[in-house]
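Encoded as structure tokens, the structure appears first; notes follow it.
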Amino acid sequence: MKQEVITSRDNSLLRHTRAVRDGKVDDAIYVEGMRLCEEALTSGLTIHVVIFSDEIARKEKPAGLIAKLSTACDRLVCISEKLLTYISYSKTSQGILLLASRPETSEEQFTNRQVETSLIVVMHRITNPVNVGAILRTSEATGATGAVATENATDPFAPKALRGAMGAAFRLPIWYRPTYAQVLDWCKQRGVKTVCADLNAQNNYTELDWTGPCALILGPETSGLSPAEIAAADEAVRIPMRQPVESLNVSVAAGVLLYEAARQRQMGH
């Protein structure tokens, strides 16, 4: 593929790249850094543009990745390190980024990719992209079959969330922006038990049978799930903690609960 060179900051592609980076373009995502660009390639994303600095292209490993990406993208663009810093999400540019089609996040594709004993993670009103990314990464690591980010949660494909997920968002079935009621209804129709993480629950998380189809529901970082939201689900479990600690980071709580589910599923309870 013919490589383009852009030297002006006032270029339409660079302006478009910044718009994608800032979440202003609905059908495209911004992927930055060697590791994530490689994950995007191996995950089969539709890649439109690859932008890299003249500096990184002189190094052996990045040059190899650029060569691989050049066979999978529509445009290959070389710019100066200074220009890359202008469009970069990170404070210090990582030398390479790409724009790709946003993966499908509809209810239909999510449903089609589920298995008989689903293990779904529902991120309800979780607004910190670092936590969303970490939960997606842990979900994939523990064998979850999908993740849901409700209408008021952070976009799982925001740059910060993608960085935390380390490629999991490209592979895991994701349903984005349903209401809480829609998620509960979806689970009810399919016999998926809904389980809330709740600090005041009677049952310890190890006492629950996680071996059947389950949806773990995690609430916002500061307030947690409301009493009405907890009451609407089938079960609630707590993670015991020693005083004076009152709560765990939501992504840490997700890890504790998902690994218990994975342990039980592996052992057949």
Side-chain angles (χ1 to χ4, degrees), residues 1-105 109 128-134 136-137 140 147 149 154-174 176:
M1 164 172 297
K2 190 172 180 294
Q3 185 179 302
E4 301 171 47
V5 177
I6 291 174
T7 54
S8 166
R9 179 190 278 209
D10 192 35
N11 174 278
S12 60
L13 174 63
L14 300 192
R15 283 200 303 272
H16 175 68
T17 301
R18 281 171 67 99
V20 175
R21 179 197 72 184
D22 298 340
K24 293 172 181 168
V25 180
D26 288 344
D27 58 356
I29 61 169
Y30 174 102
V31 179
E32 186 174 8
M34 286 274 295
R35 170 80 185 269
L36 272 185
C37 285
E38 199 159 355
E39 294 277 12
L41 180 66
T42 55
S43 302
L45 260 63
T46 303
I47 300 167
H48 301 299
V49 191
V50 175
I51 303 174
F52 59 91
S53 74
D54 45 10
E55 208 173 288
I56 202 172
R58 290 193 284 269
K59 295 173 184 167
E60 190 184 346
K61 200 179 172 193
L65 176 60
I66 291 162
K68 279 191 234 169
L69 286 165
S70 70
T71 64
C73 67
D74 302 330
R75 288 178 76 180
L76 191 63
V77 179
C78 181
I79 61 178
S80 68
E81 191 66 38
K82 193 178 176 187
L83 271 186
L84 197 66
T85 303
Y86 168 66
I87 58 170
S88 174
Y89 181 78
S90 316
K91 281 191 174 72
T92 51
S93 135
Q94 295 186 47
I96 186 167
L97 61 90
L98 61 81
L99 303 182
S101 289
R102 183 186 174 86
E104 182 71 50
T105 54
Q109 66 77 36
N128 183 330
V130 175
N131 285 336
V132 167
L136 290 174
R137 190 176 177 184
E140 187 178 43
T154 285
D155 182 0
F157 294 101
K160 225 176 197 175
L162 281 182
R163 198 189 301 169
M166 293 304 276
F170 302 148
R171 296 178 291 266
L172 206 60
I174 293 174
Y176 182 42

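The figures here come from the full heavy-atom set of this structure, side chains too, leaving out hydrogens, waters and symmetry mates.
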>> Assess the residue pair F157 and T105 against the criterion (side-chain contact (heavy atoms from CB on, under 4.5 Å)); give the C-alpha distance rounded to whole Å, side-chain angles, the decisive distance to 0.1 Å, and a yes or no.
In response: CA-CA 10 Å; F157 294 101; T105 54; 3.5 Å; yes
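Contact annotation: the side chain of I79 never approaches that of Y86 to less than 4.5 Å [non-hydrogen atoms, C-beta and beyond]. Looking only at side-chain heavy atoms (C-beta outward), R102 and D155 come within less than 4.5 Å of each other. The shortest distance between side-chain heavy atoms of L13 and R75 falls below 4.5 Å. With a 4.5 Å cut-off on side-chain heavy atoms, Q94 and C37 do not count as touching. At a threshold of 4.5 Å between non-hydrogen side-chain atoms, the residues T17 and V49 do not count as touching.
Counting only distance, with no hydrogens or angles, the side chain of S43 and the backbone of L45 share no donor-acceptor pair below 3.5 Å. Remark: the backbone N or O of G33 is not paired with any side-chain donor or acceptor of E38 at under 3.5 angstrom. Panel note: side chain S70, backbone A67; a donor-acceptor pair is recorded below 3.5 Å.
The salt bridge (Lys or Arg N to Asp or Glu O under 4.0 Å) pairs that include a residue from residues 13-33 are D10-R15, where partners are two or more places apart or lie in different chains. Judged as a salt bridge (Lys or Arg N to Asp or Glu O under 4.0 Å), not a single pair has a partner in residues 40-61 (not counting sequence neighbours).
Partners of R9 according to the side-chain hydrogen bond (donor to acceptor under 3.5 Å, both in side chains) rule, which considers only residues two or more places apart in sequence or in another chain, do not exist here.
Interatomic distance, OG1 of T42 versus CZ of F170, reported as 9.0 Å (0.5 Å rounding). In this structure, the separation between CG on L162 and CG on L136 is 9.0 Å, given to the nearest 0.5 Å.
Considering all non-hydrogen atoms of both residues, L14 and I87 come closest at O-CG2, 3.7 Å. The shortest heavy-atom contact between Q3 and C78 is NE2-CB, 3.4 Å. Taking both residues in full, the closest heavy atoms of P159 and Y30 are given as CG-CD2, 4.1 Å, listed atom of the first, atom of the second, then distance. Between E140 and R171, the shortest heavy-atom contact is OE2-NE, 2.7 Å. S93 approaches E81 most closely through the heavy-atom pair OG-OE2, 2.8 Å. Nearest heavy-atom pair across P156 and A149 is CG-CB, 3.9 Å.
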